[in-house]
Amino acid sequence: MDGGFGGQFDSDTAAGLLTVDLAALRENYRALAARLAPVRAAAVVKADGYGLGASRVAPAVFDAGCRDFFVAHFHEALPLKAVLPIEARLFVLNGLHPGAEARCAAAGIIPVLNSLEQLQAWSSCAETFGRELPAVLQFDTGMSRLGLSETDAQALATEPTLLRGIHLLFVMSHLASADDPDNPQNREQLAELHRFAARFPGIGLCLSNSGGIFLDTDFHGALARPGIALYGGAPTANSPSPMRPVVRLDVRVIQTRNVPAEARVGYSGTYVAKAGTRLATIAAGYADGLPHALSNRGAAYFDGTRLPIVGRVSMDTITLDASALPTGAMKPGSLVEIIGPNQSLERIATDAGTISYEILTRLGRRYHRQYC
Ligand SMILES: *Cc1c(COP(=O)(O)O)cnc(C)c1O
């Protein structure tokens with residue numbers, strides 16, 4: 001993946017190396033599938049496979065046995081159709097915009113229907129095509145985000161022809177608090193989904209994201225939809241991730257300097273380095289997905305040594321306090337670890353005041369990406 005820069009970010013000249021461990025990803029898929037068995041595990045590969053490259057990630061999990069793939073937008077599904085074998089099923093979480101139905105049906109992509117409008121449009125598309133079209137029906141059980149409401153469900157019960165031409169594969173909902181096992185909202189949502197699903201006997205449930213897979217088995221339904229756990233992120237908040245890390249990010253040092261007398265560092269001089277401090281400037285900043293909120297917070301690692309971020313994060317650079325290293329240990333061209341064995345994805349997300357999902361999906365396009 002060259003991110004539109006004509007492939008010039010080769011591993012020797014790139015400012016940063018983003019390594020995606022596809023073997024670890026496959027292992028994470030197999031671990032989740034084993035936990036769920038006999039329930040099936042899909043893979044959520046929206047937002048370009050959580051920033052890691054859906055065209056690489058999806059075939060890798062297919063090889064590990066995955067056959068069901070969820071994206072957010074119809075346009076994310078089309079390119080995956082081209083890289084996945086014909087047995088793979090592609091689902092569109094956000095459903096379809098009015099007018100996209102015929103293209104979706106022609107491409108054999110399966111929408112999640114989130115409203116009566118989407119349901120009606122898919123049903124009339126089936127009529128036009130003269131055959132049944134598959135779909136997932138989502139109900140809102142407590143997020144107020146997407147899905148049919150109780151009123152919609154009643155309308156559907158009195159007017160079952162709304163489902164004409166639709167081959168219903170799953171009844172779906174989404175958990176708001178699955179990363180918090182003690183949150184009573186989980187059971188409330190499960191009970192709500194069972195109430196909705198009672199109107200569709202024999203149709204399997206599709207409920208759990210990564211967090212839901214680590215709740216009781218009654219949350220597992222018939223098909224689970226893990227995302228973050230596949231990519232090594234923690235499925236449960238405030239607990240270390242039981243998954244294998246998939247991402248490693250190393251960034252090159254551009255320049256090192258000794259501070260002879262007290263000196264301000266970075267924009268607005270928010271940090272003042274003492275005389276004798278050794279600084280290192282590295283070649284990535286907020287344009288590469290390292291949040292501005294890491295200004296004077298968090299760290300990078302070199303040979304296992306923690307080097308605190310000092311001053312503001314710039315667009316293309318970050319300055320580190322490298323005083324803990326022996327003189328000469330770090331040189332221009334050296335690589336420092338941003339995500340890796342010393343610093344987890346969760347650690348950097350917490351330091352930036354965000355979540356692992358946001359760090360992954362914003363990883364910049366200027367890194368050399370290598371898949372192993
Ligand atoms: C993103 C998403 C998922 C995956 O969630 P994770 O927490 O990453 O496992 C599952 N279902 C829906 C509806 C989603 O939007």
Side-chain angles (χ1 to χ4, degrees), residues 25 28-29 31-33 35-36 39-52 54 57-58 61 66 68-74 76-77 80 89-96 110-115 118 135-148 169-181 183 185-186 189-190 192-193 196 204-215 219-239 241-247 345-346 349 354-363:
L25 176 80
N28 286 340
Y29 177 80
L32 294 169
R35 193 178 176 94
L36 285 162
V39 169
R40 289 214 316 276
V44 179
V45 294
K46 62 193 179 186
D48 200 21
Y50 285 44
L52 303 185
V57 157
V61 286
C66 183
D68 298 301
F69 298 83
F70 285 85
V71 292
H73 301 282
F74 172 59
E76 295 182 307
L80 288 181
R89 291 195 292 188
L90 283 157
F91 298 88
V92 179
L93 289 167
N94 285 359
L96 300 172
I110 305 165
V112 174
L113 304 173
N114 294 304
S115 66
Q118 288 186 352
V136 174
L137 194 55
Q138 172 155 230
F139 290 92
D140 174 34
T141 57
M143 272 193 93
S144 312
R145 188 175 77 164
L146 288 172
L148 276 69
L169 299 179
F170 297 101
V171 169
M172 176 182 145
S173 197
H174 190 48
L175 294 167
S177 307
D179 63 343
D180 174 9
N183 194 315
Q185 191 180 12
N186 293 322
Q189 288 196 266
L190 180 62
E192 274 289 283
L193 181 60
F196 283 122
L205 300 187
C206 181
L207 176 63
S208 282
N209 65 339
S210 299
I213 295 170
F214 289 82
L215 301 176
F219 285 87
H220 289 177
L223 179 70
R225 305 184 307 272
I228 195 72
L230 291 171
Y231 308 105
T236 305
N238 308 315
S239 307
S241 180
M243 312 311 295
R244 279 196 51 182
V246 170
V247 181
L345 178 59
E346 271 71 31
T354 182
I355 52 176
S356 57
Y357 300 69
E358 191 174 30
I359 296 290
L360 283 185
T361 54
R362 290 182 175 228
L363 284 170

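For clarity, every value in this text was computed on a predicted model and none was experimentally measured. Both ligands and their constituent atoms are indexed starting at 1 by order of listing.
Ring geometry, Tyr357 versus Tyr50: the interplanar angle falls from 30° to 60°, so the pair is classed tilted.
Remark: the Arg35 side chain and the His220 side chain contain no N/O donor-acceptor pair separated by less than 3.5 Å.
Put simply, part of Pro226 is less than 4.0 Å from ligand 1, judged by heavy atoms. Residue Tyr357 places a heavy atom less than 4.0 Å from ligand 1.
Contact annotation for Arg145 and ligand 1: only side-chain heavy atoms (C-beta onward) come within less than 4.0 Å of the ligand. Under 4.0 Å from ligand 1, the heavy atoms of Val44 that appear belong solely to its side chain. Both the backbone and the side chain of Ser210 come within 4.0 Å of ligand 1, judged by heavy-atom distances.
Nearest heavy atom pair, residue Phe170 against residue Leu205, reads CD2-O, 4.4 Å.
Using a cut-off of 4.0 Å between Lys/Arg side-chain N and Asp/Glu carboxylate O, Arg145 and Asp140 are scored as not salt-bridged.
Shortest contact from atom 15 (O) of ligand 1 to any protein heavy atom: Lys46 NZ, 2.7 Å. Nearest protein heavy-atom neighbour of atom 5 (O) of ligand 1: Asn209 CB, 3.4 Å. Shortest contact from atom 11 (N) of ligand 1 to any protein heavy atom: Arg225 NE, 2.9 Å. Counting only heavy atoms of the protein, atom 8 (O) of ligand 1 lies nearest to Tyr50 OH, 2.5 Å.
For Leu93, no nitrogen or oxygen atom sits less than 3.5 Å from a nitrogen or oxygen atom of ligand 1, counting backbone and side chain alike.
When each of Gln138, Arg225, Gln189 is tested with His174 by the rule side chain to side chain donor-acceptor pair (under 3.5 Å), just one qualifies, namely Arg225.
Within a 6.0 Å radius of CZ in Arg362, other residues, nucleotides and ligands contribute 12 heavy atoms or fewer.
Side-chain contact between Glu192 and Ser173: absent, with no pair of heavy atoms (C-beta onward) separated by less than 4.5 Å.
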